[in-house]
Amino acid sequence: MPDGIIACVDPLLSFARSHEAATISLIRRMVECESPSDDPAAVNRFVDLVADTVSAYAKVKTRPGGKFGKLLFCEMTLPGRKKNGQILVLGHSDTVWPMGTLRTMPFRAANGRLWGPGVLDMKAGIAFFLSAVQGLRELDIAVPSKVLLQVNPDEEVGSEASRQSTEENAKVSKAVLVLEPGTGIAGKLKTARKGVGDFTVTVKGRASHAGVDFESGASAVLELARQIDRIAGFTRWKKGITVNPGVISGGTRSNVVAAEATAEVDIRVLKLRDVPGLERKFCTLKPFDRRCTIEVSGGLNRPPMERSAGIVKLFRTAQAMGRELGVEVEESLTGGGSDGNFTAALGVPTLDGLGAVGEGAHALNESILMDRIADRTALLAKLLTVG
Ligand SMILES: [Zn+2]
């Protein structure tokens, strides 16, 4: 640095740096508390860990999540007397990793990264947020809004139990910050997400003996195979519409003309307005073989998070704050859904991907970059100070 220039490190960034060891040890405890979506007792243990950690500086409530773990709500106690409106911070307690994954994928720090099941998606994000809150408290920086952290137990499996709470809390918030990981190794924020849906296409044919009575059979497998080619053709890549027949099943034995066959199809859309047309295409599928029938069920599960003016404004704010922290904050569009899809679809400005920077979400190389812990934590803290 040239002589005469005094390095002016943002106080929230210095706090995050000095607090890094504590953040890493919290991440370790979180990762070592496994919490697969389909194991409510395990998810509840993780929720209790978070609740115990924040109880000194938040009002904590939980709500049952039906067949899933419980939902966690923490109203943070932050400096500043006048509170105007609310910022909702969204996280999830569940991971895609089954119990026992730690045996083959233990938590570890190596090569400048932290590794382990759920570290990126999204346990580190929750730890960063808690560290951000501690920074604001310690430095006595006024936060003009109420800040509510909501942690959902079922995000990885569609959020059916938590969606209503997410939407209710979003409706009374001026902004939503989502602690999902950033995109790619640069940790780009997410300003648009595709909507996600699924369809089940069931073909019913007519069974017969493949040797004795071949001609009286109407093969559901053959009919479905033809339909799949048609369905895959619904993809409009340039418009951001993808249609993926991902699972097929059908038939009983090779010497029987199949009576039934089913395909499960994943759809992604960039614009909500493209959904009715796509649904119509599914619902008007006609059999090639008139002796077969086609039944279609399903539809859109998460609406797209469309890049609205409110989202762009929030992103620009984050970008300016990033510059103060010495990092280039970029934006991205992703095909993956999150609970941010629900809140953005309600018109509430939503900024997603604010959690950890790393790679390998849902994969064996799941890891976060240690040298991005401090700036992400500081960015979260600064975003909470927006009026
Ligand atoms: Zn996630």
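Side chains are part of it too, since the values below use all heavy atoms of this structure and drop only hydrogens, waters and symmetry mates. We count ligands from 1, going down the list as the structure has it; atoms in each ligand are counted the same way.
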**Study point:** Test side chain to side chain contact (heavy atoms under 4.5 Å, CB included) applied to Phe46 and Thr95, step by step
**Key:** CA-CA 11 Å; Phe46 177 79; Thr95 76; over 6 Å; no

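Between Phe282 and Phe199, the ring planes are parallel. Angles under 30° get that label, and only those over 60° would be called perpendicular.
In this structure, Arg307 forms no cation-pi arrangement with Phe315, as its terminal cationic atom is not both closer than 6.0 Å to the ring centre and no more than 45° off the ring axis.
The distance from the Zn ion (ligand 1) to the nearest N/O/S atom of Glu155 is not under 2.8 Å.
Nearest N/O/S atom of Glu180 relative to the Zn ion (ligand 1): this is OE1.
Computed with the Zn ion (ligand 1) at the centre, the His92 NE2 to Asp121 OD1 angle is 100°, stated to 10 degrees.
For the 3.5 Å distance criterion, the side chains of Lys123 and Ser35 qualify, holding a donor opposite an acceptor.
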